[in-house]
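The structure under discussion appears below in the form of C-alpha cells.
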There are 2 protein chains.
Amino acid sequence: MATIYEVSKLAGVSLATVSRVINNTAPVRASTKEKVEAAMQELGYRPNSVAQSLASNRSNSIGILVSELGGPFYGELLSRIESEFRAVGKHVIVAAGHSDAELERESIEFLRSRNCDALILHVESVSDDYLRGLADSGTPFVVINRHVAAVADRCITLDNELGGYLATHHLLERGHRSIAYVSGPMWKHDASERYKGHLRALKEFSLAEDKSLFFEGDFQETGGVHALHHFLDAKAKFTALVCANDEMASGAITVAHEVGLEVPAELAVVGFDNVNFSHYTYPKLTTVDYPIEAIGQMAARWVLKHVYQQPVPDLKAVFQPQLIPRDSA
Amino acid sequence: MATIYEVSKLAGVSLATVSRVINNTAPVRASTKEKVEAAMQELGYRPNSVAQSLASNRSNSIGILVSELGGPFYGELLSRIESEFRAVGKHVIVAAGHSDAELERESIEFLRSRNCDALILHVESVSDDYLRGLADSGTPFVVINRHVAAVADRCITLDNELGGYLATHHLLERGHRSIAYVSGPMWKHDASERYKGHLRALKEFSLAEDKSLFFEGDFQETGGVHALHHFLDAKAKFTALVCANDEMASGAITVAHEVGLEVPAELAVVGFDNVNFSHYTYPKLTTVDYPIEAIGQMAARWVLKHVYQQPVPDLKAVFQPQLIPRDSA
DNA sequence: GCTATAAATGAAAGCGCTTTCATCATAGGC
DNA sequence: GCCTATGATGAAAGCGCTTTCATTTATAGC
C-alpha cells in the first residue's frame with residue numbers, strides 16, 4: 001500500500017499539501033491539486049484510516065450497542081444507522097449487550113477502548129447513574145428508547161405510554177371491555193410505560209385495572225404462549241389481548257389456533273412494534289408501529305451534529321407511535 | 001486518558017516493558033509486572049487501540065459485508081460472528097452491499113480502507129474474477145454462501161442443491177406429483193442450485209421439469225404472492241409448492257388464505273432457510289434449515305486461524321441442510 | 001513598481017503505541 | 001569462580017498521518 005509520503009514525492013509536493021487535498025482542509029492551488037490527485041491515482045493510494053485516526057484523534061467510527069444483533073427490531077435499526085453513517089464515510093462497530101447490566105457495561109467499555117467517536121446505545125440494564133457517569137467522562141453518546149433524566153438531552157425515545165394507550169384504545173373502541181394484557185419484563189422502561197398507557201385507556205372508559213388479566217412475559221414468543229395458556233387455565237374472561245410486543249402476540253396467536261380460538265372473532269389480539277414479520281401471522285397482526293428506522297436515523301443525526309459538527313435538519317427527541325390496524329383486532 | 005508513557009513513568013519502567021505486560025509478548029519479572037499493573041490500575045489506563053493498530057499493523061477489526069443488515073437471516077449471522085470475535089477482543093465493522101455489484105465493491109473498498117485485518121463477505125453480485133483479484137491483493141477474506149472455484153479454500157457454503165432436493169423429496173414422498181416451484185433470482189448462485197436440487201428429486205421420481213410450474217421470484221415476500229397468483233391465474237394444476245426461501249413461502253401462504261386454499265390439505269408449502277419467523281406462519285412452515293449460525297461461526301474461526309494464527313477446532317467448508325417438517329407440508 | 005495582505009506551501013513535531021537491537025543481570029555448567 | 005546461555009529491561013526508531021508555525025509566493029492597492 002502506498003503511503004502519503006510516496007504520493008508527495010511523486011507529486012513533488014510536501015506531505016502537508018497532500019494531506020490538504022485529501023481532507024480538503026485548506027486551500028490548495030488547482031494545478032497542485034491535480035498533480036496530487038494524479039499521483040494518488042497512479043499509486044492507487046488510499047489513506048490509512050488508522051494513521052488518520054491517531055493523528056487527528058478522530059476514529060470516524062461509531063459504536064453501536066444493542067441488546068441483540070439478531071431479531072427483526074435491531075436489524076432495522078442497525079441497517080438505518082449504518083447507511084446514514086456510511087454515506088458520510090464513517091463506519092459502525094457493533095456489539096451486543098444481551099440485556100445484561102454487566103455485559104452492557106463491558107460492551108460500552110469495549111467500544112470506548114476502540115476509540116469510537118460516539119456511541120449509540122440501546123441499553124436496558126445499566127443504571128441511570130452509570131449513564132450519567134458516562135456522560136461526565138466525556139464520551140459522546142446517545143441513548144435510544146429510554147429516558148434518563150440526567151442525560152435527557154441525549155435520549156431519543158418513543159412515547160411508549162401513548163403506544164400502550166393506542167393499542168388498548170383501539171380495542172375499547174371496538175367494544176371490547178375485558179382486555180387481557182401481556183407485558184414485557186416490568187423492570188424494562190418501555191414495558192412499564194406501555195402498561196401505563198393501557199391503564200390510562202381503561203380509565204378513560206371507566207374500567208379499573210384487573211390484576212387477573214395481567215401477565216408479565218419476557219418479550220419473547222414463549223411469553224405470549226405462556227400468557228395465553230395462563231389466562232385460559234385461570235378461566236379468565238376476556239375477549240381481547242394486548243401484547244407488549246409482536247413476538248408475544250405471535251406466540252399468543254399460535255396458541256389461539258391450537259386451542260381453536262378464532263382470531264379475531266373470539267379473541268382479538270394486538271401487538272406492539274410492527275416488526276417486519278408482523279404481517280406474516282395469520283390473521284395479520286394489528287399492532288402499534290414503532291418507527292425504529294426514524295429513530296435510528298435521528299440517533300445518527302444527533303451524532304453527526306454534536307460530534308462531527310455537521311449541519312443536520314431538525315433533531316427530534318420523542319417519537320409518536322401509531323396504530324396499524326390489520327386483521328387480528 | 002492516560003497514555004502508556006505515564007504508566008511507565010509511574011511504574012518506573014520503560015515504555016517497552018509496559019507494552020510487554022499489556023501484550024504479554026515477552027517475559028517480565030513478576031515484581032515488575034505487578035508494579036506496572038498497579039500503575040495501570042491507578043491511572044485507569046486503557047490502551048489506545050488506534051495507536052496499537054498503527055504500530056502493530058493490526059487493527060483487530062474484522063469487516064463483515066452482508067446484503068442487508070436488516071432481515072432475520074443476516075441478523076443471526078452477524079450475531080454469531082460478533083460474539084465469536086468479541087470473545088477474543090476483536091471487533092466487527094459492518095456494511096451492507098444490497099445485492100448490488102457496485103455497492104458491494106464499494107463496501108469492500110470501504111472496509112479495506114478501514115484497515116480490517118480480514119473480511120467476511122456475503123456477496124452476491126461481484127464477479128468471481130473480482131474476488132480472485134481481491135485474493136491476489138493480499139486482503140484476507142472468507143466468502144459465505146457462495147462457491148468460487150478460484151478461491152475455493154476461502155468459501156464456506158451450504159449444499160444448496162441438496163437443500164432443494166430435500167424440500168422436493170419431502171413432498172414427493174408424501175405423494176405429491178405436481179409440484180410448483182418458486183425460485184429466487186436465478187442469477188444468484190443459491191437460487192439456481194436449489195432449483196437444480198428440485199429437478200434432481202423430480203427425476204428420481206421419473207418426473208420431468210415442467211416450465212409452467214416454475215416461477216422466478218425475488219426472495220421477498222411479494223415474490224411468493226406474485227408466484228401463487230401467477231400459478232392460479234394460469235390455472236396450473238399442482239398440489240404442492242416449493243419456495244426457495246421462507247419469505248416467499250410466507251407470501252404464498254398469505255395468498256392461499258386469501259383465496260381460501262387450505263394449507264396443507266389443498267396446497268402443501270415448503271420453504272427454505274428456517275428463519276426465525278418461520279414458525280410464526282399459520283400453519284407453521286415446513287422448511288429446510290440453513291445453519292446460518294454454524295456458518296457464521298465457521299467463518300469467524302477461519303479468520304481466527306488464518307489471520308490471527310489461533311488454534312481452532314476442525315474447519316468445515318460445506319454444510320448440509322436439513323428438512324424441518326412442521327405443519328405446512 | 002513597491003509594499004501590505006492574503007493565499008499556498010513546506011518543515012517538523014507529534015499522535016500512542018510496538019518492536020528491534022543492544023545492554024545488563026542472573027543463573028547454571030564445568 | 002569464570003564463562004556462556006538465557007532472562008529482563010531500556011533506548012530509540014518507526015507506523016502513516018495531521019497540524020501548527022514559519023516561510024514563500026501571489027494578489028491587490030496605491
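From a predicted model like this one, the values you see are computed outputs, not experimental measurements. So that the names make sense, note that chain A is the first sequence line, chain B the second, and so on, each numbered from 1.
- Side-chain N/O atoms of B:Asn23 include one lying less than 4.0 angstrom from OP1 or OP2 on C:dT18.
- Along DNA chain D, the nucleotide nearest A:Asn48 and the nucleotide nearest B:Val13 are compared for position; the residue whose nucleotide lies closer to the 5' end is B:Val13.
- Rounded to whole Å, the distance from CZ on B:Arg114 to P on D:dC17 is 13 Å.
- Rounded to a whole Å, the CG atom of A:Asn24 is 12 Å from the P atom of C:dA8.
- Using a 4.0 Å cut-off, some side-chain N or O of A:Thr17 falls inside it from OP1 or OP2 of C:dG10.
- The side chain of A:Ala16 sits closest to C:dA12 out of D:dC17, D:dA8, C:dA12.
- Taking side-chain N and O atoms only, A:Arg20 has no distance below 4.0 Å to OP1 or OP2 of C:dA8.
- Looking at A:Ser67 and A:Glu124, their side chains do bring a donor and an acceptor atom within 3.5 Å of each other.
- Side-chain atoms of B:Arg46 and A:Ser113 form no donor-acceptor pair, as typed in the model, at a separation below 3.5 Å.
- Distance A:Lys35 NZ to C:dT9 C1': 11 Å, rounded to the nearest Å.
- The phosphate of C:dG16 has neither OP1 nor OP2 within less than 4.0 Å of any side-chain N or O from B:Thr3.
- Residue-level contact check: A:Thr25 touches neither bases nor backbone, having no heavy atom under 4.0 Å from any strand.
- Contact between the side-chain N/O atoms of B:Tyr45 and the OP1/OP2 oxygens of C:dC17 is found at a separation under 4.0 Å.
- Rounding to whole angstrom units, CD of residue B:Gln52 and P of C:dG16 are separated by 13 Å.
- Residue contacts for A:Val18: at a heavy-atom cut-off of 4.0 Å it reaches no nucleic acid atom on any strand shown.
- Per the geometry, NZ belonging to A:Lys33 stands 15 Å off C1' belonging to C:dT9, to the nearest Å.
- Ring centroid separation for the pair A:Tyr290 and A:Phe73 comes in under the 6.0 Å cut-off.
- An OP1 or OP2 oxygen of D:dA11 is reached within less than 4.0 angstrom by no side-chain nitrogen or oxygen of B:Ser14.
- Distances shorter than 4.0 Å separate some side-chain N or O of B:Thr32 from OP1 or OP2 on D:dT9.
- Across all strands shown, B:Asn57 has no heavy atoms under 4.0 Å from either base or sugar-phosphate atoms.
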